Amino acid sequence: MGIANRDKDASEKQYSVSKHYEGFVTSETKVAHLVGHPSKLKSAWIAAKGLSGVPGYQLQARRWTSAGVTVIPLAAVDTVAIAFGTSGSAVEVASSLIALQTEDLIEVVSSVANTAADDVCIAMVFEALQDIKEEFGATS
């Protein structure tokens with residue numbers, strides 16, 4: 001197990017991940033990120049275009065344990081239809097109480113009934129929780 005991160009400044013502990021999806025409809029779940037080392041979600045942004053209705057999206061972590069699968073809600077991110085059926089919105093996520101573990105799966109779920117988006121892009125910023133990082137068991 002790595003030591004607590006105490007000699008790197010905040011910018012050295014952060015990394016970003018982004019994903020793009022074509023076509024995203026009601027109740028659909030898409031994979032956004034597979035966590036490679038202990039981290040926490042610092043912030044998330046979502047942008048969408050070609051909207052039908054006003055879709056909403058939920059970020060969640062799926063964790064496999066000896067007891068089965070646990071789903072942990074991380075943040076609600078909503079798009080708001082503005083000019084010409086395109087929109088974008090951002091949310092700042094302060095989830096310092098949720099420590100993500102290696103192999104946690106970050107998912108995006110479309111949560112509003114009868115809505116869709118032609119293109120959806122999500123960007124997330126994570127903060128590493130330890131100095132000595134291993135990506136899926138391999139030291140980096």
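What you see is a predicted model; the values in this text were computed from it and never measured.
In this structure Lys19 satisfies the salt bridge (charged side-chain N to carboxylate O under 4.0 Å, His left out) test with no other residue, sequence neighbours excluded. Residues satisfying the salt bridge (charged side-chain N to carboxylate O under 4.0 Å, His left out) test with Glu103, not counting sequence neighbours, are none. For Ser110, the side-chain contact (heavy atoms from CB on, under 4.5 Å) partners are Phe24, Tyr57, Thr115, not counting sequence neighbours. Taking the side-chain contact (heavy atoms from CB on, under 4.5 Å) definition, one finds that Thr70 meets it with Thr65, Ile72, sequence neighbours left out. Taking the side-chain contact (heavy atoms from CB on, under 4.5 Å) definition, one finds that Ser52 meets it with Ala116, sequence neighbours left out. The side-chain contact (heavy atoms from CB on, under 4.5 Å) test applied to Ser16 returns Val125, not counting sequence neighbours.
Rounding to the nearest 0.5 angstrom, the gap separating the CG atom in Asp119 from the NE2 atom in His20 is 3.5 Å. In this structure, the separation between CD on Gln60 and CD1 on Ile106 is 9.0 Å, given to the nearest 0.5 Å. With rounding to the nearest 0.5 angstrom, the CE atom of Met124 is 5.0 Å from the CD1 atom of Ile122. Interatomic distance, Lys42 NZ to Gln14 CD, rounded to the nearest 0.5 Å: 5.5 Å. One distance of note links OG1 of Thr29 with CG of Leu105; it measures 10.0 Å at 0.5 Å rounding.
Looking at Val108 and Leu59, their side chains come closer than 4.5 Å, going by heavy atoms from C-beta outward. Taking the side chain as every heavy atom from C-beta outward, Ile98 and Leu74 approach each other to under 4.5 Å. For the pair Asp118 and Lys49, the minimum side-chain heavy-atom distance is below 4.5 Å.
Annotation for Lys30 and Glu22: closest pair NZ-O, 4.2 Å, computed over non-hydrogen atoms. Heavy atoms only, all atoms of each residue included: His37 and Thr102 are closest at CA-OG1, 3.5 Å. For the pair Gln58 and Pro73, the tightest heavy-atom approach, listed with the atom from each and the gap, is NE2-CB, 3.7 Å.
Ring pair Tyr15/Phe126 is parallel by interplanar angle, where below 30° counts as parallel and above 60° as perpendicular.
In the hydrophobic clustering of this structure, Trp64 groups with Leu34; members are Ile, Leu, Val, Met, Phe, Trp, Tyr whose side-chain heavy atoms approach within less than 4.5 Å, directly or through other members. A chain of hydrophobic side-chain contacts below 4.5 Å, direct or via other Ile, Leu, Val, Met, Phe, Trp or Tyr residues, connects Ile46 to Tyr21.
The backbone N or O of Leu100 sits nowhere less than 3.5 Å from a side-chain atom of Ser39 that would complete a donor-acceptor pair.
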